[in-house]
Protein chains: 2
Amino acid sequence: MRGYDKHAFEPFAVTVDLAVLTLRAGALHVLLVERGQEPYAGQWALPGGFLLPRESAETAARRELAEETGLSDVSGLRLEQLRTYSEPDRDPRMRVVSVAFTALLPDAPEPHGGGDAAQARWQPYDQARPLAFDHERILADAHDRVGARLEYSCLATAFCPPEFTLGELQNVYETVWGVALDRPNFRRKVLATPGFVEPVPGAARLTGGRGKPAALYRAGTATALHPPLLRPSREGRPA
Amino acid sequence: MRGYDKHAFEPFAVTVDLAVLTLRAGALHVLLVERGQEPYAGQWALPGGFLLPRESAETAARRELAEETGLSDVSGLRLEQLRTYSEPDRDPRMRVVSVAFTALLPDAPEPHGGGDAAQARWQPYDQARPLAFDHERILADAHDRVGARLEYSCLATAFCPPEFTLGELQNVYETVWGVALDRPNFRRKVLATPGFVEPVPGAARLTGGRGKPAALYRAGTATALHPPLLRPSREGRPA
DNA sequence: AGTCTTTATAGTCGAGACGACTATTAGTCG
DNA sequence: CGACTAATAGTCGTCTCGACTATAAAGACT
């Protein structure tokens, strides 16, 4: 490796990709766009695009989300950086390095295409294939990350509207993890964690339909869960 | 934002930066290089450099580590992507997007400068300031990440030589977390976690000096810790 | 030698968390 | 009104965890 010019550097294109997840009708959905341009024109992909000259990756992610899907300023949308994908041939046009983000939304406003996207829509997570580029891998990584972060952080409330019932919060865990949780135990655990949720004092209640009305809660001030809310043990199955 | 050319993209320089940590004399150390080139010539920085045209970020990270510090093929060096730093003005020369990695080493071979690095050395973590660019922030992020991953993964064994005592493993936790742990309880917990460590059968032992010889262990096959080994609760201090 | 110090390892004990489960309450639906 | 549904309350045995004590095996000191 000696002898190459130490100051030489290759220019790369830098993009962002977004794995935006939400819950609709009790199922995990992901925001997809139909590509309007080559390569992969007509195929579905994660929203995203090139960084502008003076943008940070997070700024670019918010801009592309707004441009391609019409989702903007969605009640404090929290983006979390997932990782960066830099394999040399991940884009057939040229060398592209992509910074991937995850985001979670409570309600699901309908997106609409724009910019490079012919159209945009929520797609059930299980049916989000095939995807352009290496976006299937990015989406799978995002799912793993969100599942893991539910254990140790208060992230689950980001899937819920500003005021929610403990049943709705439990649905988040069950849907993302794909397991059933015991309701009384979940309740005990959540309420025993200081700062996770706080009750809405106005004796509020909400009826989705049948059954006893549930008390409403708001997201608490904590961001980390101590102790964590571990998913049911996959005993004997070393990860 | 309408009206800009959808295919326009700005070329960026892409670099990698490495936060390589090790334990020396019971203290956390980080691998630093003295910059030989402007900007920040003569100042200390994390090792790293530009991606070559057909390199992935991880490949570039291993190459730069070898070039700048002479550390190569260090018994299965495991790099983990930390995050990507893309603020527009983080490099005074031009627009540079940097993919940061963390790595952990057991023993600490002495590094030697090379490439862009005038010299390289292990520096105690507490005294690793000031650093060039935004490397202080990257280093702090790396420390946070490693501390968190010790709880949920078997990462701690990466700080240890191939065969180690439980006391050495405990030192990793105590040094990174900056807390003292109860030795019998630590032992009980580690041995109760299947796949974390496995005893070296050959009645092996090792004496660093005084005291009863300790049994030797090897890293197990597990990569995740279930249940996690939580650090002492910061009760009442919501994170 | 004999004792002290140091480190590893074994074991004990009580508080609390957790999983599985049952019971009660408060609504809607037919 | 009862059947059904979902939320909430409570119970109970097991297991974990932190704090602590005790023992074992080495070097250091006198």
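Atoms considered below: every heavy atom in the structure, side chains included; atoms not considered: hydrogens, waters and symmetry mates. Each chain gets a letter, A, B and so on, in the order the sequences are listed, and its residues count up from 1.
- Residues A:Tyr217 and A:Phe164 keep their aromatic ring centres 6.0 Å or farther apart.
- Ring-centre distance between A:Tyr125 and A:His29: not below the 6.0 Å cut-off.
- Rounded to a whole Å, the CG atom of A:Asp182 is 11 Å from the C1' atom of C:dT22.
- At whole-Å resolution of the value, NE2 in B:His226 and C1' in D:dT16 are 16 Å apart.
- Straight-line distance from the CG atom of B:Leu230 to the P atom of C:dG16: 18 Å, rounded to whole Å.
- In this structure, A:Asn185 atom CG and D:dT8 atom P are separated by 15 Å, rounded to whole Å.
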Check nucleotides 5-7 of chain D for protein N or O atoms closer than 3.5 Å to its own N or O atoms and list the pairs.
{"residue": "D:dA7", "atom": "OP2", "partner": "A:Arg183", "partner atom": "NE", "Å": "3.0"}
{"residue": "D:dA7", "atom": "OP2", "partner": "A:Arg183", "partner atom": "NH1", "Å": "2.7"}
{"residue": "D:dA7", "atom": "OP2", "partner": "A:Arg183", "partner atom": "NH2", "Å": "3.2"}

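- Comparing B:Lys189 and B:Pro184 along DNA chain D, the residue whose closest nucleotide (by nearest heavy atom) sits nearer the 5' end is B:Lys189.
- Interface remark: the B:Arg188 side chain does not form any donor-acceptor pair with the C:dG11 base, using a distance-only criterion of under 3.5 Å.
- Classification of the B:His135-B:Phe133 ring pair by plane angle, with boundaries at 30° and 60°, yields tilted.
- A donor-acceptor contact under 3.5 angstrom links the side chains of A:Gln123 and A:Arg121, judged on distance only.
- B:Asp141 and B:Tyr85 share a donor-acceptor pair across their side chains, judged by distance under 3.5 Å alone.
- Between A:Thr69 and A:Val33, the shortest heavy-atom contact is CG2-CG1, 3.8 Å.
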